[in-house]
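Convention: sequence-line order gives letters A, B, ...; per-chain numbering from 1.
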Number of protein chains: 2
Amino acid sequence: MAKILVVDDEAHIRELIRLYLVDEGFEVIEKANGEDALAYAENQSVDLAIIDIMMPKLDGWDLCKELRELDEMPILMVTSKGEAQDKIKGFKLGTDDYLVKPFDPVELVLRVKALLKRYRIDASSLIKLGSIMLDRRTYQVIYKDGNQVTIPMKEFELLYKLGSYTNQLFTRDHLIEQIWGMDYEGDERTVDVHIKRLRERFAEFESDFKIVTIRGLGYRLEVYRD
Amino acid sequence: MAKILVVDDEAHIRELIRLYLVDEGFEVIEKANGEDALAYAENQSVDLAIIDIMMPKLDGWDLCKELRELDEMPILMVTSKGEAQDKIKGFKLGTDDYLVKPFDPVELVLRVKALLKRYRIDASSLIKLGSIMLDRRTYQVIYKDGNQVTIPMKEFELLYKLGSYTNQLFTRDHLIEQIWGMDYEGDERTVDVHIKRLRERFAEFESDFKIVTIRGLGYRLEVYRD
DNA sequence: CAACTCTTTAAAGAATCTGTAAAAAAGAAT
DNA sequence: ATTCTTTTTTACAGATTCTTTAAAGAGTTG
């Protein structure tokens with residue numbers, strides 16, 4: 001399920017949000033201030049962020065801006081009453097939706113779901129590639145017999161990305177931007193090497209799925225069975 | 001490419017927007033009022049809408065609301081100066097972005113692209129030639145059974161070009177200019193060789209489509225069935 | 001710190017694609 | 001029927017792109 005970052009300095013508000021979201025099967029990460037939230041998002045992927053505007057250290061708007069630079073994720077702002085002016089500001093910064101405190105938690109859940117849908121984010125963190133599965137939460141490969149194995153991070157991310165959109169072409173550019181980050185300076189051939197290792201590692205599953213080279217363009221993952 | 005609905009009662013604004021968008025390869029549908037726009041969107045699929053707020057009949061906000069109910073499409077609002085209040089209203093209705101007139105067309109294009117990316121929309125340009133299809137995004141041939149195959153780039157481009165305007169004559173000159181670039185120095189016969197390769201590759205689909213030689217002039221692609 | 005794994009780089013080796021040139025075939029024209 | 005023009009076919013060499021390998025660098029762990 002989707003991982004949601006909840007940033008608010010009031011613990012009871014976070015608790016309230018968490019309760020409702022967890023109930024819907026979402027994974028919730030709580031942070032009390034923008035700084036902690038940013039530090040987390042820099043290392044871990046987050047599918048959606050719910051951010052309170054008024055916060056110590058890094059405030060909601062700045063966090064929003066920073067997150068936007070990290071990744072194209074949907075952001076839901078929470079404002080206190082009487083901050084109308086802030087709405088416009090948020091609008092400009094590219095917030096996707098907002099709620100005014102006090103809000104109905106049910107509406108929060110609805111909006112979260114709508115945003116995930118709008119961003120075409122597939123909530124499940126489990127991907128099935130023929131007889132194996134990839135679990136994004138643990139970065140593990142799960143075999144049919146239930147065996148779980150950890151594989152190198154980059155390899156996992158690459159396979160996971162390709163597997164998230166089977167049959168779709170990914171250019172090396174695109175993969176590097178998505179996995180290594182847009183500021184990556186290195187060689188494009190790095191992708192090739194990881195692809196090679198994945199092919200090697202999963203050679204025995206050739207009849208389940210295969211990474212296909214599209215000459216001059218990139219790679220594509222084909223799945224042959226469920 | 002993505003199809004964009006432009007709704008504005010001022011013809012010259014529509015014209016301006018159209019010029020820039022078409023230049024980027026988008027397909028543009030112009031409508032002068034909300035009613036016409038809605039009627040269109042109800043029957044034809046649209047990837048993104050650019051809507052002016054002030055319009056006769058059905059105004060921008062109402063159109064926005066109606067479109068939202070039709071389909072989850074990104075909407076870019078265009079406001080005239082001094083309608084600050086409207087921004088908040090639009091925000092609530094779930095507009096995705098906005099621009100204030102007069103705007104820089106280049107920025108419009110940037111925002112359109114950002115929205116399409118955010119919504120994960122990349123309207124692929126598919127061409128159908130009898131029982132096979134060509135996907136420009138991936139440079140691949142898609143067979144009826146769903147099999148996707150990569151063919152050499154130049155061959156693909158040639159077939160794609162011919163297939164984009166079936167039955168229309170293309171001189172070698174024209175093809176070279178379009179595919180190889182106007183600065184291409186090489187021999188015209190190169191086209192012939194690629195045509196030969198295409199004919200060979202798709203020999204089994206002769207009853208679907210065929211590349212016909214027009215002696216002394218060039219080539220033409222005929223399609224025999226849908 | 002030494003051993004380990006993971007990641008990246010660099011470069012050689014493979015595979016594939018592309019353009020050329022020339023021979024063969026086909027189509028017009030005389 | 002012969003000649004001329006244009007297209008098709010063939011084969012190959014050069015160019016481009018991908019794969020593989022090996023080794024260095026970075027980061028971790030005992």
Identify the 5'-most and 3'-most nucleotides of DNA chain D with at least one atom closer than 4.0 Å to a non-hydrogen atom of chain A. D:dT16 to D:dT21
Determine the contact category for A:Phe156: base if any of its heavy atoms lies under 4.0 Å from a base atom, sugar-phosphate if only primed atoms, P, OP1 or OP2 are that close, otherwise nothing. nothing
My understanding is that only residues two or more places apart in sequence, or in another chain, count here; which of them pass salt bridge (Lys or Arg N to Asp or Glu O under 4.0 Å) with B:Glu155?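 B:Glu155: salt bridge (Lys or Arg N to Asp or Glu O under 4.0 Å) contacts with B:Arg201.
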Which residues satisfy the salt bridge (Lys or Arg N to Asp or Glu O under 4.0 Å) test with B:Glu204, sequence neighbours excluded?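 Checked B:Glu204 against salt bridge (Lys or Arg N to Asp or Glu O under 4.0 Å); zero matches.
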Could you check B:Gly216 against A:Thr213 and say which one's nearest nucleotide on DNA chain D is further toward the 5' end? B:Gly216
Solution key, residues 174-185 of chain B side-chain donor-acceptor pairs under 3.5 Å, sequence neighbours excluded:
residue	atom	partner	partner atom	Å
B:Gln178	OE1	B:Lys161	NZ	2.7
B:Tyr184	OH	B:Thr190	OG1	3.4

For residues 141-153 of chain A, pull every pair meeting side chain to side chain donor-acceptor pair (under 3.5 Å), keeping only residues two or more places apart or in separate chains. A:Gln140-A:Thr150
Specify the residues of residues 161-172 of chain B, ordered by number, for which at least one heavy atom lies under 4.0 angstrom from an atom of DNA chain C.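 Those residues whose heavy atoms fall under 4.0 Å from DNA chain C, taken from residues 161-172 of chain B, amount to none.
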Do B:Tyr139 and A:Arg215 have side-chain N/O donor and acceptor atoms under 3.5 Å apart? no
Could you pull out all residues at least two apart from [X] that satisfy side chain to side chain contact (heavy atoms under 4.5 Å, CB included)?
X        : value
A:Leu19  : A:Glu15
A:Leu38  : A:Glu42, A:Leu58, A:Leu63, A:Glu66, A:Leu67, A:Leu70
A:Glu206 : A:Lys210
B:Ile127 : B:Leu129, B:Leu134, B:Tyr160, B:Ser164

Protein within reach of the bases, or only the backbone? For nucleotides 12-21 of chain C, mark each nucleotide 5' to 3' as B, S or -, using heavy atoms under 4.0 Å. ---BBSBBB-
In residues 4-12 of chain A, what donor-acceptor pairs under 3.5 Å come from side-chain atoms, sequence neighbours left out?
residue	atom	partner	partner atom	Å
A:Asp8	OD1	A:Glu10	N	2.9
A:Asp8	OD2	A:Lys101	NZ	3.3
A:Glu10	OE2	A:Lys101	NZ	2.9

Both distances under 3.5 Å, Watson-Crick or G-U wobble: report the partner of D:dA26, or none. C:dT5
Quickly work out the A:Leu158 CG to C:dC6 P distance and round it to whole Å.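 Between P of C:dC6 and CG of A:Leu158: 15 Å.
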